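Throughout, protein chains are lettered first and strands after them, A, B, ... in sequence-line order, and every chain is numbered starting at 1. Since we're looking at a predicted model, the values are computed, not measured.
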Number of protein chains: 2
Amino acid sequence: MAQLQQVIWQQLTADQQRQLLARPAQAQSAELLSQVQAIIDAVANDGDAAVLKYTQQFDCPSLTELRYDEAAIAAQAALVEPQVKAAIDTAYQTIYAFHQAQQPQAVTVTTAPGVSCTQQYHALEAVGLYIPGGTAVLPSTALMLGVPAQLANNPRRVLVSPPDRNGQLSPALMYVAQKCGITEVYRCGGAQAIAALALGTESMAPVAKIFGPGNSYVTAAKQLVAQIPGGPAIDMPAGPSELLVIADDSANSAFVAADLLSQAEHGADSQVILLTPSAQLLEQVTLALSEQLEQLPRADIARRALAGSALIQVSDLAEAIAISQQYAPEHLSVQLDSAEDYLAQLTHAGSIFVGHYTPESGGDYATGTNHVLPTYGFARNYSSLGLLDFYRRYTIQRVSQAGLAGLANAIIDLAETEGLSAHARAVSIRLEQSV
Amino acid sequence: MAQLQQVIWQQLTADQQRQLLARPAQAQSAELLSQVQAIIDAVANDGDAAVLKYTQQFDCPSLTELRYDEAAIAAQAALVEPQVKAAIDTAYQTIYAFHQAQQPQAVTVTTAPGVSCTQQYHALEAVGLYIPGGTAVLPSTALMLGVPAQLANNPRRVLVSPPDRNGQLSPALMYVAQKCGITEVYRCGGAQAIAALALGTESMAPVAKIFGPGNSYVTAAKQLVAQIPGGPAIDMPAGPSELLVIADDSANSAFVAADLLSQAEHGADSQVILLTPSAQLLEQVTLALSEQLEQLPRADIARRALAGSALIQVSDLAEAIAISQQYAPEHLSVQLDSAEDYLAQLTHAGSIFVGHYTPESGGDYATGTNHVLPTYGFARNYSSLGLLDFYRRYTIQRVSQAGLAGLANAIIDLAETEGLSAHARAVSIRLEQSV
């Protein structure tokens, strides 16, 4: 715990303050990008054969078939433990309820006599849902992507995830896939899975948008395929996970420490920050972190994450809010009796956890909010994942003959101002002639 | 007109069909990207001095100050011609009405007893609005970006546009800026303006998101700055403009030709496509194109655009719809008496123009819809610009002590399934202790 920094904000120089809140550098080396580009090119040229080759190499040497058929999905889903099934059912229900309330409505406005404009929503035809694999099993991410896709009713809901050494996907994951009405499941991961979703192969038609978190290969692949002209959209830029806690003397230091550790155990590049005006709480949290760390199976990972993190004593809550707004955390926990008083000022965050009994891990699994969130400072300008991300918006206009006459001068004069005579002509010709 | 292709869809091979609908290649050469990266690096290093140097080089040799102050804005705005002013006022009104109806609402749901989740909208703190310059004056684009920014009430609404040789921005543009309550105006364009918006300079704080169309330098710069970790968001990927018209014998061939030409005059890389089951209409449109081309000031540009375009005879309207859905046009004009019958099937488009009296140029200026639209096939997976693009969404959850007890099993069991004990611990510790 020697490296966990405890600082007093006002005793730092501006440079030190900036460095303290700097995000861990991301491993987006030129070498990584060129490795990933080579994988994408291989999938573009060799399709399924390339995806299968990489999957055999990285995940399951004996795999011969990428597609997981309905019988296999059902067989695995049936093996889910009752306790896990019940937990998934509860989470499904809250996530479903919260996202269902986000259903968009078409908007129609008569903007001028005889002129009607509509904004319409259309569910994307095909969405690709990437679920990371490896040692971990992540049914929660499948819920966060699968439930909104089900609510949007995207015709193709394609789940990809790397198989285990036996070529299987976990019972929990397949139970979620079944529950969310996933229409296609493929056993592949990494950059090769992203390439297949983006470009299509013999067995997999391409998708319109790719969702989901992943390792640095997956992240780089998403970034690269999103730049293909006419290529897929992606959900948001990725980065390591992070939590900022604002707490005062009303907080329980053991709760605060437990939350910081729950974030720290995600990965060595996770970042956790405590902002508190209370020197006493800061000391208590430090102590609690030491105690709780001892009991953690993933203590090593958490310890490394804490080394890049900081406990910061601020002058007052106003200063804490200013720092939080500048940092723009993915997860923001506000453990104050007076939390509600400050929420209107706390707008730069992916998801906010209010009060003493709202642990960040609640939102990871079961409060109902989505856990796919902007990180790395992107909570300043990117949205948290929601139902709208599974739709696209487009517009429709209907102008009557009289409506066009009413707008004609405005269109013609603006077109002439911009030097676009044919634009004007398309109106004037309609005033001179009828159908 | 020799090059304008007239074809019968069913007489083409699949390869020929694909080639006919291929988009013109985009000039995103490695050389262009490295030129643009050099400009971004110069702005990163030298700030205003670099932006000023490029602006002097490309736009106005005598410029010494990037910021356009309020007095200059007001002086220019006062010079707007009454007719243009009236046209802007009309367009402002329709665009305002349509976008105002898109105001988002927060959503709050009790997802379980004692568990409340909210989806909240927050206007982006700072938006950068890029208005192309050069020979053309584009007050319409300023309206399309400025009105939604005004409605979202983004605190900083920053307009950038290249000045003329005298260092001025046009009266029409400044009248729009005033009307939309633009808070800052800078006289710069090209990649240097995008770099300044993204990175900030001494005189310009960085923005959270950059909007607006531009030439290949601007497009490349937007693409590059969007990949900076923690960098700005951008509105959408760019591409040349395009129009697809579906028409039958009920259409007026002169109207159809006028619409095709209004798109073709935008640029030599514009693409226009007619789909009709009527051989007679196809011939009449060909004739009308020849006649109308003669009268166009920008006939040369239009002629070159038409060379990359096609008039396609289809077997029936069902075939036209299938082709349109595959092509996913930016602008889709449906000139059929029975247009309404087909709208539910026409979902892949940026903006749809229904019936015989809704010219595409109406939407460019004054129906009220936004003319910033996905092109290059991106109308399959990206949204047309709307008010929501000036906000970000984030979530808030509030869990009571009893609420947490209710969700505890689900969170703990999912956390343990995923091997994340500290996540479980953050819940169990709250069941064992109170604040």
Side-chain angles (χ1 to χ4, degrees), chain A residues 83-84 87 90-91 94 97-98 101 107 109 111-112 115 117 122 208-209 230 233 252 258-259 261-262 265 296-297 347 351-352 354 356-359 361 365-369 377 380-381 383-384 392-399 401 404 407 410-411 413-414 417 421-423 425-426 429 435, chain B residues 83-84 87 90-91 94 97-98 101 107 109 111-112 115 117 122 208-209 230 233 252 258-259 261-262 265 296-297 347 351-352 354 356-359 361 365-369 377 380-381 383-384 392-399 401 404 407 410-411 413-414 417 421-423 425-426 429 435:
Chain A
Q83 208 173 337
V84 175
T90 299
T94 58
F98 185 50
V107 167
V109 179
T111 56
V115 182
C117 295
H122 180 245
K209 191 170 181 178
N252 180 322
D259 291 336
L261 288 172
S262 76
E265 77 171 340
L296 282 190
T347 54
S351 196
I352 304 182
V354 182
H356 305 293
Y357 291 96
T358 311
S361 61
Y365 294 117
T367 59
T369 61
R380 236 175 266 123
N381 46 6
S383 290
S384 306
R392 54 175 295 277
R393 285 177 271 117
Y394 64 101
T395 55
I396 303 170
Q397 52 247 286
R398 298 168 169 90
V399 183
Q401 195 166 5
L404 186 62
L407 285 184
I411 300 169
D413 289 340
L414 280 165
T417 299
S421 302
H423 281 62
R425 185 79 184 122
I429 204 166
V435 189
Chain B
Q83 208 175 336
V84 175
T90 299
T94 57
F98 184 51
V107 167
V109 178
T111 56
V115 182
C117 295
H122 180 244
K209 190 169 181 178
N252 179 321
D259 292 337
L261 288 172
S262 75
E265 76 171 343
L296 281 190
T347 53
S351 196
I352 303 182
V354 182
H356 304 295
Y357 291 97
T358 311
S361 60
Y365 293 116
T367 58
T369 61
R380 233 175 269 123
N381 47 5
S383 290
S384 305
R392 55 175 294 277
R393 284 176 273 115
Y394 64 102
T395 55
I396 303 170
Q397 53 247 287
R398 297 168 168 90
V399 183
Q401 197 167 4
L404 187 62
L407 286 184
I411 301 170
D413 289 339
L414 279 165
T417 299
S421 302
H423 281 64
R425 185 80 184 122
I429 204 166
V435 189

Handout entry: Between A/Thr347, A/Asn252, A/Asp259, A/Thr90, the one whose heavy-atom pairs under 4.5 Å with chain B are most numerous
Key = A/Thr347
Exercise for the section: Output yes when a side-chain donor or acceptor of B/Thr358 lies under 3.5 Å from a complementary backbone atom of A/Arg398, and no otherwise. Expected result: no
Handout entry: Where B/His423 and A/Ser361 come nearest, the two heavy atoms and their spacing
Key = O-OG, 2.9 Å
Practice task
Go through A/Thr369, A/Leu404, A/Leu261 and name the one with the most non-hydrogen pairs under 4.5 angstrom from chain B.
Solution key: A/Thr369
Handout entry: Any A/Thr94 side-chain heavy atom under 4.5 Å of B/Val115 side chain
Key = no
Problem - Contact summary for A/Phe98 and B/Val107, nearest pair of heavy atoms - result: CE1-O, 4.2 Å
Exercise for the section: Among the options A/Arg425, A/Gln401, A/Arg380, pick out the one with the most heavy-atom pairs lying under 4.5 Å from chain B. Expected result: A/Gln401
Completion exercise
Bottom line for B/Ile411: the part with an atom under 4.5 Å from chain A's heavy atoms is both
Handout entry: Side-chain H-bond candidate by donor/acceptor type, A/Gln397 with B/Ser351, under 3.5 Å
Key = yes
Practice task
Would you mind checking which part of B/His356 comes under 4.5 Å of any heavy atom in chain A, side chain (CB onward), backbone (N, CA, C, O), both or neither?
Solution key: both
Handout entry: Shortest non-hydrogen contact between B/Cys117 and A/Thr367, atoms and distance
Key = SG-O, 3.2 Å
Fill in the blank from the handout: The side-chain contact (heavy atoms from CB on, under 4.5 Å) partners of B/Ala87 (sequence neighbours excluded) come to A/Ala410, A/Asp413, A/Leu414
Completion exercise
Counting heavy-atom pairs under 4.5 Å with chain B, the top scorer among A/Gly377, A/Ala233, A/Ala97 is A/Ala233
Completion exercise
What one should report as the nearest heavy-atom pair of B/Asn381 and A/Ala208 is ND2-O, 2.8 Å
Practice task
Heavy-atom pairs under 4.5 Å with chain B are the metric here; pick the option from A/Gly368, A/Pro297, A/Gly230 that has the most.
Solution key: A/Gly230
Problem - Exercise: identify the closest heavy-atom pair between B/Ala258 and A/Ala426 - result: CB-CA, 3.8 Å
Exercise for the section: Could you tell me whether the side chain of B/Ser383 reaches within less than 4.5 Å of the side chain of A/Arg392, counting heavy atoms only? Expected result: yes
Completion exercise
Given A/Val435, A/Ile429, A/Val84, the one with more heavy-atom pairs under 4.5 angstrom with chain B than any other is A/Val435
Handout entry: For chain A, the option from B/Ser384, B/Pro359, B/Ser421 that forms the most heavy-atom pairs under 4.5 Å
Key = B/Pro359
